[in-house]
Amino acid sequence: MTTAHAHPNIALVKYWGKQEKPGNLPATPNLSISLAGLTTVTHVSDAPSDTFILNSKETSDPKLVRWLEALRGTFDVPPLQIDSGNDFPTSAGLASSASGFAALITAINAHCDLGLNQEMCSEWARVGSASAARSIFGGFVALVPPQWQAIPMAKRDHWPLEVVVAVTSNEPKSVNSGEGMERSRLTSPYYNAWVRDATTDFAAASEAIERRDFLSLAAVAELNCLKMHSIMLTSQPTLSYWTPASIACMDRVRSLREEGHDVFFTVDAGPQIKAVCLPASADAVASALSETPGVLEVIRSSLGEGARVVL
Ligand code: DP6
């Protein structure tokens, strides 16, 4: 048996929309930070036939089946038991597919001696779920053309940001990211503007990270997040991932900033709010969000490392 760990990542410049060619390629450059406080643990072992256990329950997952088929088109991979568990809500906008595919390719690579380096692991993780390409690496990570393998931008100690996740629902999302982003591409009247602006947002965020300029990163990350939710909301039928508590948390983050705290929010395809802050503000942010009506739980995290084999 081989075990791998991986962390979810949250995008500060988001991926929402794919290119119209094979390989699960994002339409736009995107970048993320890795979350040490949330972990996927995946065990891979030989088995008479493929079995998939998620959070201790045997399950079937067409995305995983297709991915294994693609992997077996290139490598000799025997039937496997895959037993994967998350210590955070699954399929609820906390990037469980990102850490899931990153942990999985890392474990299979070691278990079956595929001989992949990190860049190749990132490419295979991307085929499963594009955001998973980023979870192969720790710290600040970009997913950019022309290779569309993730690239580490800066180590986590370059800028030890903290993240407070406000969980407002544990329900799995009703429309998954892949289906949702295709709907946005086909129906949102603002999709082309989203794609057009992405390169500028990516450049501004990269520069802010390089210079550790919190206010500039806050401005571009919040705006980029709200642009993505604007194309979600203007998709037909609409994609509305927020709860009233999500909106209350965003308002609270804005008021914390007015009170002088270094904090900004970002939200993915789900109702959870991720408040990214400087360490000096983390206690105040965590206590303010835990007191916000509708918040079920607050998870605190520093920046994490990349996917790795542990046993
Ligand atoms: C909103 O990577 O889950 O979290 O490639 O279809 O599996 P697939 O999509 P996925 O989408 C992530 C969307 C996002 C933004 C992001 O992480 O960049």
Side-chain angles (χ1 to χ4, degrees), residues 6-35 38 40 61-67 70 86 88-105 122-137 140-144 148-151 153 163 165 172-186 188 191 194-195 198 201-202 205 220-222 224-233 235 239-242 246 265-274 276:
H7 302 297
N9 64 76
I10 49 171
L12 304 183
V13 175
K14 311 277 188 194
Y15 144 59
W16 194 256
K18 299 177 197 288
Q19 295 180 40
E20 288 180 82
K21 49 178 152 164
N24 201 30
L25 300 166
T28 56
N30 49 90
L31 69 87
S32 67
I33 50 177
S34 163
L35 297 186
L38 291 78
T40 295
D61 180 347
K63 206 168 165 179
L64 176 63
V65 171
R66 282 197 301 274
W67 182 81
N86 299 323
F88 57 91
T90 298
S91 299
L94 284 176
S96 53
S97 69
S99 49
F101 277 104
L104 183 57
I105 188 61
S122 175
E123 197 168 324
W124 276 104
R126 188 204 67 224
V127 171
S129 184
S131 55
R134 302 185 306 237
S135 275
I136 294 294
F137 298 101
F140 299 79
V141 184
L143 183 57
V144 286
W148 296 104
Q149 299 162 335
I151 296 172
M153 299 174 75
V163 180
V165 180
K173 56 191 161 205
S174 51
V175 181
N176 71 42
S177 302
E179 198 182 322
M181 60 180 77
E182 189 57 4
R183 187 185 296 178
S184 298
R185 185 179 73 80
L186 295 172
S188 170
Y191 182 78
W194 160 251
V195 172
D201 288 358
F202 180 87
V220 65
E222 274 192 11
N224 182 269
C225 162
L226 293 172
K227 284 179 196 165
M228 178 183 76
H229 283 273
S230 304
I231 63 162
M232 290 167 162
L233 287 165
S235 299
L239 294 162
S240 171
Y241 288 109
W242 298 343
S246 319
F265 64 77
T266 188
V267 196
D268 291 305
Q272 331 302 2
I273 302 301
K274 291 96 175 197
V276 181

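Whatever order the structure lists them in is the order used to number ligands and atoms, beginning at 1.
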Numbered atoms and elements of ligand 1 in range of N24, under 4.0 angstrom, heavy atoms = 5 (O)
N or O contact, Y15 vs ligand 1, cut-off under 3.5 Å | yes
Contact summary for V195 and T28, nearest pair of heavy atoms = CA-CG2, 3.8 Å
Subset of ligand 1 atoms that lie under 4.0 Å from at least one heavy atom of S177 | 3 (O), 9 (O), 10 (P), 11 (O)
To the nearest 0.5 Å, atom CZ of F140 lies from atom CZ of R134 at 13.5 Å
For S97, take its heavy atoms, then give the atoms of ligand 1 lying under 4.0 Å from any of them.
-> 3 (O)
Rounded to the nearest 0.5 angstrom, the OG-NE2 distance for S135 and H7 is 9.0 Å
Taking only heavy atoms of A11 into account, list the atoms of ligand 1 that are under 4.0 Å away from them.
-> 16 (C), 17 (O), 18 (O)
Contacts of W148 meeting ring-ring contact (aromatic ring centres under 6.0 Å, His included) (sequence neighbours excluded), chain-then-number -> none
For F101 and A132, work out which heavy atoms get closest and say how close.
-> CB-CB, 3.6 Å
Distance-only N or O hit between ligand 1 and M228, under 3.5 Å = no
Between M232, R126, K18, which one has a non-hydrogen atom sitting closest to atom 8 (P) of ligand 1?
-> K18
Check each atom of ligand 1 against the heavy atoms of M181 and keep those under 4.0 Å away; list them by number with element.
-> 9 (O), 11 (O)
Structural part of E179 in contact with ligand 1, heavy atom criterion under 4.0 angstrom | neither
Nearest 0.5 Å, what's the CD1-CZ distance between I105 and R126?
-> 12.0 Å
Between OH of Y241 and CE of M228, what distance do you get to the nearest 0.5 Å?
-> 8.5 Å
Numbering as shown, the atoms of ligand 1 that approach R134 to under 4.0 Å (heavy-atom distance) | 16 (C), 17 (O), 18 (O)
For G178, atoms of ligand 1 separated by under 4.0 Å from a heavy atom | 6 (O)
Anything under 30° is parallel, anything over 60° is perpendicular, the rest tilted; go ahead and classify W242 against H229.
-> tilted
For ligand 1, which atoms, with element, lie under 4.0 Å from some heavy atom of D268?
-> 1 (C), 4 (O), 14 (C), 15 (C)
Polar proximity ligand 1 side, W16 side, N/O cut 3.5 Å exclusive = no
Structural part of S131 in contact with ligand 1, heavy atom criterion under 4.0 angstrom = both
With sequence neighbours excluded, what pairs up with N24 under the side-chain hydrogen bond (donor to acceptor under 3.5 Å, both in side chains) test?
-> K18
